[in-house]
Protein chains: 2
Amino acid sequence: MQSKEIDKLIKIIAKLPALGTRSARRIVLHLLKKKETTFPALISALQEVADNIKECPICGNYDTQEVCSICSDASRDAELVCVVQDVADLWAMERVGLYKGQYHVLGGILSALDGITPDDLNIDGLFKRLQKGVIKEVILALPATIDGQITAHYLLSRLKEMPVKVTTLAQGIPMGAELDYMDDGTIQLALSARKEI
Amino acid sequence: MQSKEIDKLIKIIAKLPALGTRSARRIVLHLLKKKETTFPALISALQEVADNIKECPICGNYDTQEVCSICSDASRDAELVCVVQDVADLWAMERVGLYKGQYHVLGGILSALDGITPDDLNIDGLFKRLQKGVIKEVILALPATIDGQITAHYLLSRLKEMPVKVTTLAQGIPMGAELDYMDDGTIQLALSARKEI
């Protein structure tokens, strides 16, 4: 007995990642409880993002300015470019605050299952940037999944022709982890890549 | 390195029930991926609900019309009123489609912990409806939690003065459940309320 307006809103919210009909219903009822304040705040925040946020034509980051604040920051190292799957991973790198180079957002990774081919990713953009000759090192910060590693290998094979160093994030036991809870693959990898201390 | 517009939207979404910063970030990035279609659809659906949905002054249900479609439906049994905690529970009852009486939404349940007293609930509204003398039976469909049962007992004590029958939803083993997975309290309750077949 929900009105069609409520129904429609629940359906749209239920399609967002990590949500379903039940959580969408809870969200809509939560919003309706303090209708006068919740709706205007959410709507105006959405509108502001929709109106102001653009995709950076160089790296693919989201920002209010045409060329994003990272690409246009002269204090960052233009010789280093870190290739990430999506903007979420770029944000994760930036939260650490250690990396001071540039980024390149692929917009996904290769996936036979989802039918994602090199043409679907922003790979041409990366090579166009490399052809300018400024970039000296490409850091592949792709997911440590099978698809992520396939994508890294594909990029590595194509990057071989270019005069750049290609590196990848170190793999091993994550900080704070107990060996007992690690999967066999990670332990094998950490063992074979062991370092003298 | 997120722009302040994106930051603000993430903060608002993270406060919605069942969401946190991480899921809010994923939702905002999902929306940004197909910015041209996702934002207008979500914003207009929110705006329509904000503009059109009212709280029914009789039962507390949400609807586009002042007196909700359930309260104004003459084919429903006006002698029966089902008391529920909130509109989510009303929707749950309506999805079953079996109940053909009226509702009364309390807007919460008594809670010592959250400091919710009878004055915070729409109990006066219920008694005003009862005083008209049409209602013959009040069904207490409150949560089977301690607070829910305290609320039911409180209502029962006050309803004793009124010439109405008071009933409550049956408790026991839910359909499809295995005894092994049931808590002791439910098994005890189901055993003491056992029925001859």
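Values below: all heavy atoms of this structure, side chains included; hydrogens, waters and symmetry mates excluded. Residue numbering restarts at 1 for every chain, and letters A, B, ... go by the order of the sequence lines. It should be emphasised that the depicted structure is a prediction, and the values quoted were computed from it without experimental measurement.
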Who among [options] has the most heavy-atom pairs with chain B under 4.5 Å?
options                            : result
A:Ile6, A:Asp51, A:Leu16, A:Leu46  : A:Leu46
A:Thr38, A:Ile13, A:Thr64          : A:Thr64
A:Leu31, A:Asp86, A:Asn52, A:Leu32 : A:Leu32
A:Glu5, A:Lys4, A:Glu36            : A:Glu5
A:Ala45, A:Gly97, A:Ala18, A:Ala50 : A:Ala50

Please determine if B:Arg76 and B:Glu94 form a salt bridge, counting it only when a charged side-chain N lies under 4.0 Å from a carboxylate O.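 B:Glu94 and B:Arg76: salt-bridged.
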Going by atom types only, do A:Asp119 and A:Thr117 share a side-chain donor-acceptor pair under 3.5 Å?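 No, A:Thr117 and A:Asp119 have no side-chain donor paired with an acceptor closer than 3.5 Å.
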Measure B:Lys11 against the heavy atoms of chain A and call it side chain, backbone, both or neither at under 4.5 Å.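 Interface part for B:Lys11: neither.
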Answer with side chain, backbone, both or neither: which region of B:Ile12 has an atom nearer than 4.5 Å to a non-hydrogen atom of chain A?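 When you check distances to chain A, only side chain atoms of B:Ile12 fall under 4.5 Å.
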Looking at CG of B:Asp63 and SG of B:Cys68, how far apart are the two atoms once the value is rounded to the nearest 0.5 Å?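 It comes to 5.5 Å.
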Heavy-atom closest contact (B:Val83 atom, B:Leu126 atom, distance):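 Minimum heavy-atom contact is CG2-CD2, 4.0 Å.
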Where B:Gln171 and B:Leu189 come nearest, the two heavy atoms and their spacing: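 Closest pair (atom of B:Gln171, atom of B:Leu189, distance): CB-CD2, 3.1 Å.
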